[in-house]
Amino acid sequence: MGLLIKNGMIATDSAVFPGDILIEGEKIAAVGVDLSAPDAQVIDAAGKYVLPGAVDVHTHMDLDVGFARAIDDFYDGTVAAACGGTTTIVDHMAFGPKDCSLWHQVREYHRLADGNAVVDYGFHGVFQHVNEVTLEEMKEIAQKEGITSFKVYMTYDYMLQDDELFRVLRAAKEAGIVIAVHCENHGVIQQLRKEYVEAGCTQAKYHPLSRPARCEAEAVNRMIHLAAMAGDAPLYIVHLSSKEGLHEVLKARAEHQKNLGVETCTQYLTLTDEMYEDPQEGLKAIMSPPLRKDADREELWQALADGQLDVVGTDHCPFHYKKGKAEKQYGAENFTKCPNGAPGVQERLMVMFSEGFMKGRLTLPQVVKYCCTNPCRLYGLYPQKGTLQPGADADIVLIDPNITHTFTAADIRGASDYTCYEGMSLTGDIDRVFLRGREIVKDHTFLGKRGDGRYLHRGKSILA
Ligand code: URP
Ligand code: ZN
């Protein structure tokens, strides 16, 4: 019978125009003006913006960090995503047991997500050791599972050394796979954390001081050069947080570095290290990299406005603050014991719409580009996802720009008991959300059901 969304302001990554969208089955059948379909159910979108369902390519659902586990599993976390207008996620896997095959975590993540996720989902693979076997497994997994991106870390226990990073990049280049990288200089961070703790400086405010912006900049710079030396390997820098890191990216752009994608996250655009001043409240924002200063935020916004960055993600990875095991409180006496990560998957599109578009920092097509379309282009999902064109999945979000709302923890639809955006006034309300033509959110209520999300076998990135 079909569905006809009429009279909305359609927003794509290149334009905003009044029009209608006809959906047949799971797909968009037509986009145009004055469309008619006598048998279709009509949805009046007058006064609303109509965007592609948003795509978050940096989440950590159910992340097991050994001493704690992220409290949003694939059900709760994707309900939160849906209620925030995000209809697709690509999740970053946790590390598996020492020396495990790369297949181990692929199987584990299917076990966690299949039958639970309520939005469509894919996975990024992860390297924790490098040898001929794991390099071969990367290629196999890309072919058989459509996992066409793998993550490497330059810090944490399973960080890779430069020779290993170089080998991964070379193999990825050969196979057309994207390498996503967490850039922070491990040695400096380890030394500073040790010194702060030995000096009794254990409050949350020492978290950012132990991970200075230059740690990010050094690692970004190193990785960019390693990728170039690996034959312009496809490289994607996750969660860029600082102006120092950004300057390395801008330098690489000016020197025409090939196949480079760069992501920042909502929190680095809108929050600052002032959040760490209160030793208790500060625990909520312990994440890596840490929140930075106003000047960093401003330069990141400018870089988005100038088209120098590619994606806005979230790094969604919540732990309870007070509820249940209150894992964030492990850091109450010593910030190094606090599990890293914070919620954000529900907030991202609303915050970007409000702080980006409504405040005039970005155009609406830019918001669509960074939150919906580019994530798909860079991670092999385009044009199935992230776009409003005939043939694409009918993943659609309606936003009402006439509603202003103060966001609080009570609005969270996942398992998190807090939001980093507490008290933020947000203009633009997520009005209705459709996943492959079915309505999954209306009036802030989730209407879908467990397991409705479909696994996405991804294709090649535009970087590869
Ligand atoms: O603090 C963060 N970002 N936690 C999630 C794991 C990671 O580092 O990506
Ligand atoms: Zn992450």
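For the single chain, residues carry numbers from 1 onward in sequence order. Atoms within each ligand, like the ligands themselves, are counted from 1 in listed order. What you see below is based on every heavy atom in this structure, not just the backbone, and it leaves out hydrogens, waters and symmetry mates.
- Shortest contact from atom 8 (O) of ligand 1 to any protein heavy atom: Y156 OH, 2.7 Å.
- In summary, the atoms of ligand 1 found under 4.0 Å from a heavy atom of K151, numbered by their order in the structure, are 9 (O).
- Under 4.0 angstrom from ligand 1, there are no non-hydrogen atoms of E184.
- In this structure, F123 has its ring center under 6.0 Å from that of Y455.
- Of all protein heavy atoms, the one closest to atom 1 (O) of ligand 1 is S288 N, 2.7 Å.
- A distance below 6.0 Å separates the ring centres of Y153 and F95.
- Among the heteroatoms counted here (N, O or S) of H58, NE2 is the one nearest to the Zn ion (ligand 2).
- Put simply, no part of Q267 is less than 4.0 Å from ligand 1, judged by heavy atoms.
- Closest to the Zn ion (ligand 2) among the N, O or S atoms of D315 is OD1.
- Remark: aromatic rings of F150 and H124 are distant, center separation not under 6.0 Å.
- Note that the CD1 atom of I396 and the SG atom of C372 stand 11.5 Å from one another [nearest 0.5 Å].
- The protein heavy atom nearest to atom 6 (C) of ligand 1 is H60 NE2, 3.8 Å.
- Of the candidates E216, H239, R211, R211 is the only one forming a side chain to side chain donor-acceptor pair (under 3.5 Å) with S288.
- Contacts of D315 with ligand 1, taken as heavy-atom pairs under 4.0 Å, involve the side chain alone.
- Under the 4.5 Å side-chain criterion, counting only non-hydrogen atoms from C-beta, Y236 is in contact with L378.
- Side-chain atoms of E145 and H110 form a donor-acceptor pair, as typed in the model, at a separation below 3.5 Å.
- Close approach of ligand 1 to M287 is summarised as follows: ligand atoms under 4.0 Å from at least one heavy atom of the residue are 1 (O).
- Closest to atom 4 (N) of ligand 1, if we only count protein heavy atoms, is N340 O, 3.2 Å.
- Side-chain contact check for H182 and E184: at least one donor-acceptor pair (N or O, by modelled atom type) lies under 3.5 Å.
- Among the backbone and side-chain atoms of C317, no N/O/S atom is found under 2.8 Å from the Zn ion (ligand 2).
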